[in-house]
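These numbers come from a predicted model, not from an experiment. Computed over heavy atoms, backbone and side chain alike; hydrogens, waters and symmetry mates excluded.
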Amino acid sequence: MASRSSASVPVDSVRTISPGRRGEKAASAVPADTAAETTLKSTAITVRSVVASLRQVKGKAGREEARWRLQRLPAAQAEEEAAEEEKEEKEALLSVPEEEDEAQPLPPICVSRMRGMWRKEKVALYCDQVLQDCEGVYADEVMGKYLSEKLKLKDKWLGVWKTNPDVFFVKYEESSIPFVGILVEVTCGLYQDSSSHFKVAVSVAEPLSSNITNIPRDLVDEILEELEHSVPLLEVYPVEGQDTDIRDIAFALEVVRFFYDFLWRDWDDEESCENYTALIEERINLWCDMQDGTIPGPIAQRFKKTLEEYKNKRVELIEYQSLVKEDPSAAEAVQCWKKYYEIVMLCGLLKMWEDLRLRIHGPFFPRILRRRKGKRECGKTVTHIVVKVMTAEMVKDLSSDTLLQQHDDLDLALDNCYSGDTVIIFPGVYQAANLALLTDDIIIKGVGERKEIIITSEPSHDSFVVSKADNVKLMHLSLIQQGTVDGIVVVESGHMTLENCILKCEGTGVCVLTGAALTITDSEITGAQGAGVELYPGSTAILERNEIHHCNNLRTSDSSKSTLGGVNMKAYSLRMIEDF
């Protein structure tokens with residue numbers, strides 16, 4: 001197991017990173033999505049020629065000589081030579097000497113057997129066969145023993161070592177080099193207790209084969225020499241054309257990679273869990289829900305982003321702790337605690353996602369914290385005019401006793417609203433964060449062509465229009481969702497009316513949560529990733545003369561989900577109760 005890190009946060013809060021642990025920078029592993037995508041390809045990996053700054057690697061003798069020479073030089077001269085050396089490193093471009101042969105294409109790697117596995121098959125594999133009844137604290141060890149048994153089938157085989165380009169290159173375009181692959185001969189030696197710490201001895205297979213056609217052979221040899229010809233096992237992918245034992249090893253590696261990429265959490269061996277396999281089953285269901293479109297794409301991306309941010313924050317904290325001396329200053333202690341609490345918050349968010357009881361009603365939950373204002377003390381209502389410049393012609397149809405307030409900002413108008421007020425919007429393009437905080441009974445309506453009165457969401461926010469008021473009306477408007485992942489309109493409670501509106505979705509459609517009500521008439525809903533209207537158990541809706549089209553843009557092979565493009569009505573599952 002990994003050792004604990006010592007710094008100015010609780011000893012048991014964060015563990016140190018061991019070389020080779022999946023999902024952490026020290027492993028220099030290929031990102032999970034990239035690795036999975038490449039694993040699934042059964043054809044040879046395309047060879048490409050790149051231009052990038054090489055990482056300058058010197059032999060041990062060369063490094064020692066340079067260090068000795070710098071120690072003997074005056075400080076100023078040493079700094080000058082060090083700067084010159086750094087300049088040469090930056091200017092060194094990846095190129096192949098004329099006499100050196102180019103690398104051969106990589107052979108195809110073993111086809112993923114997990115790709116075609118159903119949800120129940122994955123659950124049976126991990127919960128019943130591999131982990132069985134183990135506790136979270138022993139999961140790492142159990143996965144190690146599982147992999148050890150498979151590795152005994154064959155002690156030597158060919159594989160593609162896929163590593164982070166940072167190992168070879170200092171400067172490159174990320175999109176141009178997703179990974180560096182080298183064909184290697186693998187020799188399995190002694191095994192450690194943890195599968196995430198496994199390392200294997202490798203040597204370059206002849207002839208040199210890589211996905212980088214102009215990678216210098218000398219560079220590959222020196223990198224491997226620096227690594228003492230030992231690389232993380234989970235970075236090696238067995239190639240096709242070998243015997244069935246190698247296929248079994250390749251499958252075992254897939255099983256372990258998926259476990260550490262998605263199912264394992266760093267807190268699993270630090271918290272008590274009565275039924276760890278039940279927790280793993282929930283995480284498998286979460287992953288499958290993302291893959292088959294049950295959880296819309298944008299929301300799935302938010303979860304993956306949160307998981308990646310959590311991992312990165314842990315790495316940041318551990319790296320910062322390693323720089324702190326035994327007696328940290330007050331500023332260092334504060335910084336450590338700040339980073340630690342960021343991790344705790346992200347950990348809490350991930351745990352909420354994993355709890356099926358929270359996800360059973362959908363990905364949304366009440367979030368409005370602003371209190372209801374109610375009516376003004378004077379009992380009067382105000383009509384708010386939203387336009388850059390107001391003229392008498394604009395308000396000629398209003399009665400002479402109407403109280404008016406003019407705003408050039410929709411957010412400001414909504415902030416000044418009380419129950420009973422009306423917001424009139426003239427043609428233009430607007431943004432308003434306060435649309436996600438509708439708690440009072442107001443009317444928001446456009447004047448003119450609805451397609452000319454455009455309200456766009458703010459990409460930095462999760463929500464667009466969210467209502468918790470008893471009665472809110474939106475009329476003659478165009479709502480354009482950009483970047484937000486929740487429903488374009490979410491009715492958390494009370495009643496909302498949408499009349500003659502255009503809703504162009506980017507995330508999910510209109511969502512009506514339990515106990516809430518919705519009326520939509522003469523409106524158009526398009527582009528939702530899921531159903532155009534989602535009705536949760538206990539909600540009510542009246543839909544008349546609407547156009548709901550081009551929704552449910554989900555990439556799924558499950559034909560049963562192809563009927564969710566219009567209106568999706570969710571229902572509770574019923575339990576049969578018998579009297580004994």
Intermediate values then yes/no, side-chain contact (heavy atoms from CB on, under 4.5 Å), Ser539 and Leu513 = CA-CA 6 Å; Ser539 64; Leu513 303 192; over 6 Å; no
task = Check the pair Arg545, Asp522 against salt bridge (charged side-chain N to carboxylate O under 4.0 Å, His left out), reporting the backbone distance first and the verdict last.
result = CA-CA 5 Å; Arg545 303 181 303 277; Asp522 303 307; 2.8 Å; yes
task = Begin from the C-alpha positions of Asp421 and His384 and carry the test side-chain hydrogen bond (donor to acceptor under 3.5 Å, both in side chains) through to its verdict.
result = CA-CA 8 Å; Asp421 285 2; His384 303 267; 3.1 Å; yes
task = Apply the test side-chain contact (heavy atoms from CB on, under 4.5 Å) to residues Phe464 and Val489: give CA-CA distance (whole Å), side-chain angles for both, the deciding distance (0.1 Å), then the verdict.
result = CA-CA 7 Å; Phe464 188 4; Val489 173; over 6 Å; no
query = Given the rule in the salt bridge (charged side-chain N to carboxylate O under 4.0 Å, His left out) test, do Asp441 and Lys375 qualify, once you have shown the distances and angles that lead to the verdict?
reply = CA-CA 9 Å; Asp441 303 338; Lys375 292 187 175 292; over 6 Å; no
message = For Leu286 and Glu282: C-alpha separation, side-chain torsions, deciding distance, then whether side-chain contact (heavy atoms from CB on, under 4.5 Å) applies.
response = CA-CA 6 Å; Leu286 175 61; Glu282 289 181 3; over 6 Å; no
Step-by-step salt bridge (charged side-chain N to carboxylate O under 4.0 Å, His left out) determination, Glu393 to Lys396 = CA-CA 5 Å; Glu393 180 70 17; Lys396 67 178 182 178; 2.7 Å; yes
task = Could you go through the side-chain hydrogen bond (donor to acceptor under 3.5 Å, both in side chains) check for Thr521 and Glu544 one step at a time?
result = CA-CA 5 Å; Thr521 58; Glu544 296 179 345; 6.0 Å; no
request  = List the steps, then state whether side-chain hydrogen bond (donor to acceptor under 3.5 Å, both in side chains) holds for Tyr276 with Asp268.
outcome  = CA-CA 9 Å; Tyr276 183 65; Asp268 284 356; 2.8 Å; yes
task = Assess whether side-chain contact (heavy atoms from CB on, under 4.5 Å) is satisfied between Lys311 and Val315, documenting all intermediate values.
result = CA-CA 6 Å; Lys311 292 179 179 179; Val315 173; 5.7 Å; no
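Judged by distance alone, with hydrogens and angles left aside, the side-chain atoms of Asn546 form no donor-acceptor pair with the main-chain N or O of Leu543 at under 3.5 Å. Remark: the backbone N or O of Met117 is paired with a side-chain donor or acceptor of Lys122 at under 3.5 angstrom. Here the side chain of Ser463 pairs no donor or acceptor atom with the backbone of Ala436 at under 3.5 angstrom. A donor-acceptor contact shorter than 3.5 Å links the side chain of Gln406 to the backbone of Val387. Here the side chain of Gln431 pairs a donor or acceptor atom with the backbone of Ser457 at under 3.5 angstrom. A distance-only check finds no donor-acceptor pair linking the side chain of Asn500 to the backbone of Met475 [under 3.5 Å]. The main-chain N or O of Cys501 is found under 3.5 Å from a side-chain atom of Ser523 such that the two form a donor-acceptor pair. Judged by distance alone, the side chain of Glu332 and the main-chain N or O of Ser329 form a donor-acceptor pair under 3.5 Å. Remark: the backbone N or O of Glu281 is paired with a side-chain donor or acceptor of Asn285 at under 3.5 angstrom. No donor-acceptor pair under 3.5 Å is formed between the side chain of Asn434 and the backbone N or O of Leu437.
A salt bridge links Arg119 with Asp289; the closest basic N to acidic carboxylate O contact falls under 4.0 Å. Using a 4.0 Å cut-off between charged side-chain N and carboxylate O, Arg257 and Glu254 make no salt bridge.
Taking 4.5 Å as the limit, some side-chain heavy atom of Val567 sits within range of a side-chain heavy atom of Ile548. In this structure, the side chains of Ile343 and Tyr310 come closer than 4.5 Å at one or more pairs of heavy atoms. Using a 4.5 Å cut-off on side-chain heavy atoms (C-beta onward), Leu435 and Leu414 make contact. Side chains of Val423 and Leu410 form a contact here, defined as non-hydrogen atoms less than 4.5 Å apart. Contact of the Ile520 side chain with the Ile542 side chain is not registered, since no non-hydrogen atoms from C-beta on lie closer than 4.5 Å. With contacts defined as side-chain heavy-atom distances shorter than 4.5 Å, the pair Ile488/Glu506 does not qualify. Using a 4.5 Å cut-off on side-chain heavy atoms (C-beta onward), Thr391 and Met394 make contact. Val510 is not listed as a side-chain neighbour of Glu534, based on a closest heavy-atom distance of 4.5 Å or more.
In this structure, Thr422 OG1 and Ile443 CD1 are separated by 4.5 Å, a value rounded to the nearest 0.5 Å. In this structure, Arg314 CZ and Glu319 CD are separated by 11.5 Å, a value rounded to the nearest 0.5 Å. From Glu121, atom CD reaches atom CG of Asp128 across 12.5 Å, with rounding to the nearest 0.5 Å. In this structure, the separation between SG on Cys417 and CG on Asp415 is 9.0 Å, given to the nearest 0.5 Å. Leu346 contributes atom CG, which lies 11.5 Å from atom NZ of Lys305 (distance to the nearest 0.5 angstrom). Remark: Ile424 CD1 to Met390 CE distance equals 10.5 Å, nearest 0.5 Å.
Other residues, nucleotides and ligands contribute over 12 non-hydrogen atoms within 6.0 Å of the CG atom of Leu323. Annotation for Tyr138: atom OH does not count as buried by contact number, only 12 or fewer foreign heavy atoms lying within 6.0 Å. More than 12 heavy-atom neighbours from other residues, nucleotides or ligands sit within 6.0 angstrom of OH on Tyr320. Atom NZ of Lys338 is surrounded by 12 or fewer heavy atoms from other residues, nucleotides or ligands within 6.0 Å.
No hydrogens or angles considered: a donor-acceptor pair under 3.5 Å links the side chains of Glu524 and His549.
Minimum heavy-atom separation, Val491 to Ala517: CG1-O, 3.7 Å. Counting all heavy atoms, side chain and backbone alike, Leu307 lies closest to Asp261 at CD2-O, 4.3 Å. When every heavy atom of Thr439 is checked against every heavy atom of Arg372, the shortest pair comes out as O-NH1, 3.1 Å. Shown here for Leu131 and Met143, the closest heavy-atom pair between the two residues is CD2-SD, 3.9 Å. Of all heavy-atom pairs between Phe303 and Leu350, the closest is CE1-CD2, 3.6 Å. When all heavy atoms of Arg283 and Leu263 are compared, the pair lying nearest together is NH1-O, 2.5 Å.
Just one residue in the list Thr540, Asp470, Thr519 forms a side-chain hydrogen bond (donor to acceptor under 3.5 Å, both in side chains) with His495, and that residue is Thr519.
Cation-pi check for Lys351 over Trp267 is met; the charged atom lies under 6.0 angstrom from the ring centroid and within 45 degrees of its normal.
Aromatic ring orientation, Phe258 versus Phe262: parallel (interplanar angle below 30°, classes split at 30° and 60°).
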